[in-house]
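Data block below; observations after.
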Amino acid sequence: MDPSDNNNPQSLPYITSNNPLQFTIHLPNSIPNPNPNSISDQLLSLSIPSKRRRGRPRNTTSSLNQVYDNFPNSSSSLISYNSDIVRNLTARTSTVTDASDEIIVINKEATTEALIALTAGFPADSLTDEEIEAGVVTVVGGIEQVNYILIRNHIITKWRENVSTWITKEMFVDVIPKHCSALLDSAYNYVVSRGYINFGVAPAVRERIPAEPSKPSVIVIGAGLAGLAAARQLMLFGFKVTVLEGRKRAGGRVYTKKMDGGNKVAAADLGGSVLTGTLGNPLGLLARQLSYTLHKVRDKCPLYRVDGKPVDQDLDHKVEVAYNLLLEKASKLRQLMGEVSQDVSLGAALETFRQDYDDSVNEEEMGLFNWHLANLEYANAGLISKLSLAFWDQDDPFDMGGDHCFLPGGNGKLVQALAENVPILYEKIVHTIRYGTDGVQVVAGGQAFEGDMALCTVPLGVLKGGSIKFIPELPQRKLDGIKRLGFGLLNKVAMLFPYVFWGTDLDTFGHLTDNSSSRGEFFLFYSYATVAGGPLLLALVAGEAAHKFETMPPTDAVAKVLQILKGIYEPQGIEVPEPIQTVCTRWGSDPFSLGSYSNVAVGASGDDYDILAESVGDGRLFFAGEATNRRYPATMHGAFLSGLREAANIAHHAKVKTTSSKVEKKPSKNAHSYACVLDDLFREPDLEFGSFSIIFAKKSSDPESPAILKVTFSGPQTRNHDGIRPDRHLSNKLLFQQLQSHFNNQHELHVYTLLTKQQALDLREVRGGDEMRLNFLSEKLGVKLVGRKGLGPNIDSIIASIKAERGKRKPGSRSLTLKSGVMKSKATTLKRKIVRKAKVVSGGNRTTSSPAAISKNKAVGSSSTAIPLTNVELEPKPVCTIGSVASPSLNIGVNDNMGSKSVGSSSVYLLPNASIGDQFEGNIGSSTAPILNAKGQTGSNSKAPRSTYDDSTYTCAPPSSGNSAN
C-alpha cells in the first residue's frame, strides 16, 4: 500500500458532512498543512510538532500550546470549518436568480476534494496570498471566489486520482457550468503554471516537453532536488535549460551510495533519507508515478542505556511527558516575552526550567532527557543553544501530515528519474555569477555560461561560505538574511554487515550517553535491512557531536559504534559481526554543502526564508532550495517545491519581459533627431575624465537625478597615461583589443549607459585609470554599456529635458563646480598591449603556461552575440601573481548598426584574470561549449579544474576485518 495515495481511507482524515461550505474534518495523527491566516472562527489542536518526532516517529497525546495569528488552540481533535462568510453566501443563494450568483455543484464530493486541496497547501475556504496576487478572481470574497475554490479543488483531485496522467482543461468542460468557463480557465492555468498538477516524471508529462525550446535561456546552478525540479518544469514550459553541477553526480544533499562486499549489496541514504509526511508530499507523488512502494517508518523505537540495558518503558514515558511539558513552558514564556524572545535561545529557556527538576532527577532520567534534546537537535540540524526561542518551530503548522517513510532502494532512485534527459554539466564549480538588466553570466572554472536568467539553488552553507561571488553584490537585505538563518549539521555512519543481527521488527532504536556534550553521538540507529536490499544499519550523529565527528578518524567512529552495538546485543546472547563495509559522512567539510540543512537561529525568523527566496536583478537571478521555503524548510520536499515555485516565477518574469519588450521595441518617431541632439549635448559634457564623458539631466543637487555616461573607444595608442601596472586587469585590455580589432575601420566607438548623479561622481573618484573605472562600472555598479539604440525610447525624455535645461543657461556657462581639475580636452583610451599568459609558481621555480583562454558557452535563447577576435597580438607576460584577485570581465552590448550588418544586442564576455592553479580551455569568441568526447572530457589539451573531493565520505572497514578500504 502506498502511503502517499490520498484515496487510502486509512491514511486520510475523514469528513462527517456533505455540505460543501460547512464541514468537519477528523484528522488521523497530524494536521496536513493548515493555513493560519485563512479561517476566522475555527479551533485547532496542535499535535507534537514534526520537528520533535522526526527521529522517533511515535504517537503522543501532548500538545504544544503555540499561538499563531488567528490560529487558537483547543483540546479538540478535529478542525471545524464554520466560516461566517460562507454561511452568508449559503443564505444568499436562496434569494438570487442570476446563475453567476449561485454556488455551483460539481459533484457530491466537494468536501473530500477540499481536504485533498488542503494537503496540497490550499486553505479549504479561502484563497492563498499567491492566488490573490495572481488575480484568479475579479473580487476577493464572494460567490465567485467560492466557485473558483470548488473548481480548483476539483482539478487537483482529478489529477491526484491518477498522477501519471496529463490533465487537460477540456476534461472539465462538461462538468463546469458555462458561465464559469472564465473561472475554469483561471483555476486550471494557475494550478498548472504553479506546479500543483501535471509535474513529475510520468511518461505523460515527459512527452509534453517540447523538442525545441522557444523561450529564453535559464542557467540552473545546482542539480539537487530544487534544481532538478525547476529544470524539468522549465523545460516543460519551453525554456532552454542548462544545469551546472559541481559534483560528479546529481542529487546534492540527497545521496544514495551503493555498498557491497561479501556477496552483500545495499543502498545507503547518506543524505536526506526520510520522507517526512506523505499527505500531499510531491516526492510521494513521484514515487507513485514510478510505481514505487514506500515503507512506513514504524513507531517502535526502543531506547538503550549507556550500559546497553533497555530503558524501562514507564520511565521512558515519564521523561517524555516531562520533556514535552518543558517545551510547553518555553512556548508560554515566548508569548510573555513578546519580541524579546527573538533574542533568546530555546536552549536557554529549557535549561532555565530544567533546573527546577535537578534535585528530583536521577542519572538515568537525565540521560533520557538529553536523548530527547539530541533528537530535537537532529530535527533542526542545530544546537538548541543557537535555535530561536521565538521561531524555531515556525513551520510546524504546515506539516504535510501522514506517515514518515523510507523509499526502498534509496532516494537516489527519485534523483535518477528527475535527472533523466535534463542537460546537466557535471564538475562545473561555479565561482562567479554576474547579473544585470540584459542577462546573466555564470563562470565555472575556465568557462563562462550566458543566459537570460539564472536560478541559484546552492545550499545556505555555500552562500554563507562566500565561495560564489555575485556581481553586483547581493542586496544587503538578502545578505543579512543569509547571515541570520542557521545552517546545522548531521552526520551518519553506514555499516553493511554479513547478516541482520538486530531484528527486522523495528526501523529505529536509540542509545543514551552519560555526557550532555556528546548526547548526539550515535544516539539513533536506522535499520535499513527491509528497504536497502541488504543488512544495512545507519548510526546518526547530531548536535555538538556532529561537529566533533568531522575530525574523528573513521576507524575510531566505527569502533565506537561497534562498542555500542556489542553492549546492547551481546548481553542478549547475540554476536555482533564485523561490518563488511562502512562509510562515514562529512557534510560539514563538503565544499558543495558546508552543512546539512537550515534552521531558525537566534535573531532570525521565518521572514528570512522569504528573503532568501526573493529574486534580484529585476527578474534575472532567482533562488531556490530548502532554505528558501518558509513552510517546508529542512526537508527534501521543501527543496523540490521551491524548485517548482521558482520555475513559475521565472516563467512569469519572462512573460512580463516579453510583453514589455514588444512595447519598447517600437522605434521612437524622433529617434534619429534625438540621437543628433545627444551628440550635440556631449560636445559640452558636464564632466569629463579619461575616456568618459557625462551629462546631467537637470541642474539639481538630487544625487538620484539621472545622468548619461558616454565612453569613447578610439584607435590604439602606445602610451600608458594612467600608470597601469602591466600585470593587472588584462581582461579589460583584451576587451579593448577585441573591439578595436573588430571595428578596425572605425576611428571611434561610443557606448553609453544611464547612471545616477551620485554614481557618476563616484565613478569620477575612482583611481587607476580607465580600466579601473570600467571595473567599477561592471563589478560595483553592475551596469552594461550599450549603443545609442540600446538605451531605449525612455532616454528620449531625458535628452529632451537636458536640451531644455541647456537652453536656459547663459552662453558659455558650464557646470564648473563638477570639473575639479579633471576636465580634458580630448578623450583618452587604454593603450597597453594584450597579455594573455598565466604565471604559475611551484616549488620556488617559476613556470609559464602556454597561451589559453576562456571558452564562451552561449545558451540558446540568449540575445547576446560574440564579437569575433581578429589580429590579436599575444605577449608572454604574466597576468597575475600569487594571491592576486581576479578582476571581472566587462559586458559591452552594441545596438548600433555598423555598415550593412547589424551587430544587434551583442556582448563581449571575457574571463577574469587567472589566479594560480586555473586552467582554461576553448577559444575566445567560441559560441558553443567545448566538444566533449565519449568520456565527457574536452578535446582541448588543457583540462578544466577538477575537484578531488568526493562527497566528504570516508569508506573504511575495521582493521580486524581484514578488508581493504574502498
Identify each donor-acceptor pair in which a side-chain atom of residues 383-391 lies under 3.5 Å from a protein atom, sequence neighbours left out, and give them as a table.
residue	atom	partner	partner atom	Å
S388	OG	A390	N	3.2
S388	OG	F391	N	3.1

Side chains of N629 and Y632: does their closest heavy-atom pair fall under 4.5 Å? yes
Is the number of heavy atoms from other residues, nucleotides or ligands under 6.0 Å of Q572 CD greater than 12? yes
Locate the shortest heavy-atom distance separating A627 from L460; write the atom from each residue and the value. CB-CB, 3.8 Å
OH on Y528 to CG on L536, rounded to 0.5 Å: 8.0 Å
So, taking the atom named CZ in F406 and the one named OG in S527, what distance separates them when rounded to the nearest 0.5 Å? 8.0 Å
N411 side chain to G272 main-chain N or O, any donor-acceptor pair under 3.5 Å? yes
Check whether more than 12 heavy atoms from other residues, nucleotides or ligands sit under 6.0 Å from atom NZ of K560, and answer yes or no. no
Just by distance, do the side chain of D590 and the backbone of R586 share a donor-acceptor pair under 3.5 Å? no
For the residue pair E626 and S598, confirm or rule out a side-chain donor-acceptor distance under 3.5 Å. yes
Show the numbers, then the answer: is there a side-chain contact (heavy atoms from CB on, under 4.5 Å) between M552 and K548? CA-CA 7 Å; M552 181 184 296; K548 295 179 180 178; 5.8 Å; no
State plainly whether the residues R519 and E377 are in salt-bridge range, i.e. N to O under 4.0 Å. yes
Please name all residues satisfying salt bridge (Lys or Arg N to Asp or Glu O under 4.0 Å) with D314, sequence neighbours left out, ordered by chain then number. none
Which heavy atom of L225 sits nearest a heavy atom of L283, and at what distance? CD1-CD1, 4.2 Å
Which pair of heavy atoms, one from V558 and one from C584, lies closest together, and at what distance? CG2-SG, 4.4 Å
Main-chain N/O of P459 paired to R253 side chain as donor or acceptor, under 3.5 Å: no
A side-chain contact here means heavy atoms from C-beta on lying under 4.5 Å apart; do R334 and W392 qualify? yes
Would you please name every residue forming a ring pair (Phe, Tyr, Trp, His ring centres under 6.0 Å) with H511, sequence neighbours left out? none
Answer yes or no: is there a side-chain heavy-atom contact under 4.5 Å between W371 and L524? yes
Between CZ of R484 and CG of D607, what distance do you get to the nearest 0.5 Å? 8.5 Å
Note: L294 and P408 closest approach over all heavy atoms is CA-CD, 4.2 Å
Can M400 and T276 be said to form a side-chain contact (heavy atoms from CB on, under 4.5 Å), step by step? CA-CA 8 Å; M400 279 287 180; T276 52; over 6 Å; no
Does the K296 side chain pair with the main chain of H404, one donor and one acceptor, at a distance under 3.5 Å? no
Are the side chains of L537 and Y526 in touch, meaning some heavy atoms are under 4.5 Å apart? no
Show, in sequence, the C-alpha distance, side-chain angles and deciding distance for L512 and N370, and conclude whether the side-chain contact (heavy atoms from CB on, under 4.5 Å) test is met. CA-CA 8 Å; L512 311 185; N370 278 322; over 6 Å; no
Can any side-chain N or O of D393 pair as donor or acceptor with the backbone N or O of D396 at less than 3.5 Å? no
Got a sec, which residues hit salt bridge (Lys or Arg N to Asp or Glu O under 4.0 Å) with D610, two or more places apart in sequence or on another chain? R630
Could you tell me whether a side-chain N or O of N281 sits under 3.5 Å from a main-chain N or O of G277, the two making a donor and an acceptor? yes
Ring geometry between F509 and Y304 (parallel below 30°, tilted from 30 to 60°, perpendicular above 60°): perpendicular
Side chains of D507 and H295, donor plus acceptor under 3.5 Å: yes
From L350 atom CG to L346 atom CG, the distance as rounded to the nearest 0.5 Å: 4.5 Å
Between K332 and E328, does at least one N-O distance fall below 4.0 Å, as a salt bridge requires? no
Residues which pass salt bridge (Lys or Arg N to Asp or Glu O under 4.0 Å) with K318, listed by chain and number, not counting sequence neighbours: E365
Tell me, yes or no, whether the heavy-atom count around Q563 atom CD, taken from other residues, nucleotides or ligands under 6.0 Å, exceeds 12. no
Do the side chains of F122 and L118 get nearer than 4.5 Å, heavy atoms only? no
Just by distance, do the side chain of D556 and the backbone of P553 share a donor-acceptor pair under 3.5 Å? no
Should the ring pair Y323 and H372 be called parallel, tilted or perpendicular, given that the plane angle runs from 0 to 90° and is split at 30 and 60? parallel
For the residue pair G338 and S341, what are the closest heavy atoms and their distance? O-OG, 2.7 Å
Checking N515 against S517: is there a side-chain donor and acceptor pair closer than 3.5 Å? yes
Expected list for residues 487-499: side-chain donor-acceptor pairs under 3.5 angstrom, two or more places apart:
residue	atom	partner	partner atom	Å
N491	OD1	T585	OG1	2.8
N491	OD1	W587	N	3.1
N491	ND2	A546	O	3.3
N491	ND2	E550	OE2	2.8
K492	NZ	D269	O	3.1
K492	NZ	G271	O	2.7
K492	NZ	S273	OG	3.3

From K464 atom NZ to L594 atom CG, the distance as rounded to the nearest 0.5 Å: 11.0 Å
Using atom types as modelled and distance alone, determine if a side-chain donor or acceptor of T635 lies under 3.5 Å from a backbone N or O of G638. yes
About how many Å separate CZ of F525 and CD1 of I568, when rounded to the nearest 0.5 Å? 6.0 Å
If only atom types and distance count, is the side chain of D403 paired as donor or acceptor with the main-chain N or O of C405 below 3.5 Å? no
Close side-chain approach of T530 and R298, heavy atoms under 4.5 Å: yes
Do S642 and H637 have side-chain heavy atoms sitting under 4.5 Å apart? no
Would you say V531 and L407 make side-chain contact, with heavy atoms under 4.5 Å? no
Trace of the side-chain contact (heavy atoms from CB on, under 4.5 Å) decision for Y609 with R631: CA-CA 9 Å; Y609 288 110; R631 290 189 172 192; over 6 Å; no
Donor-acceptor pair, S331 side chain versus L327 backbone, under 3.5 Å? no
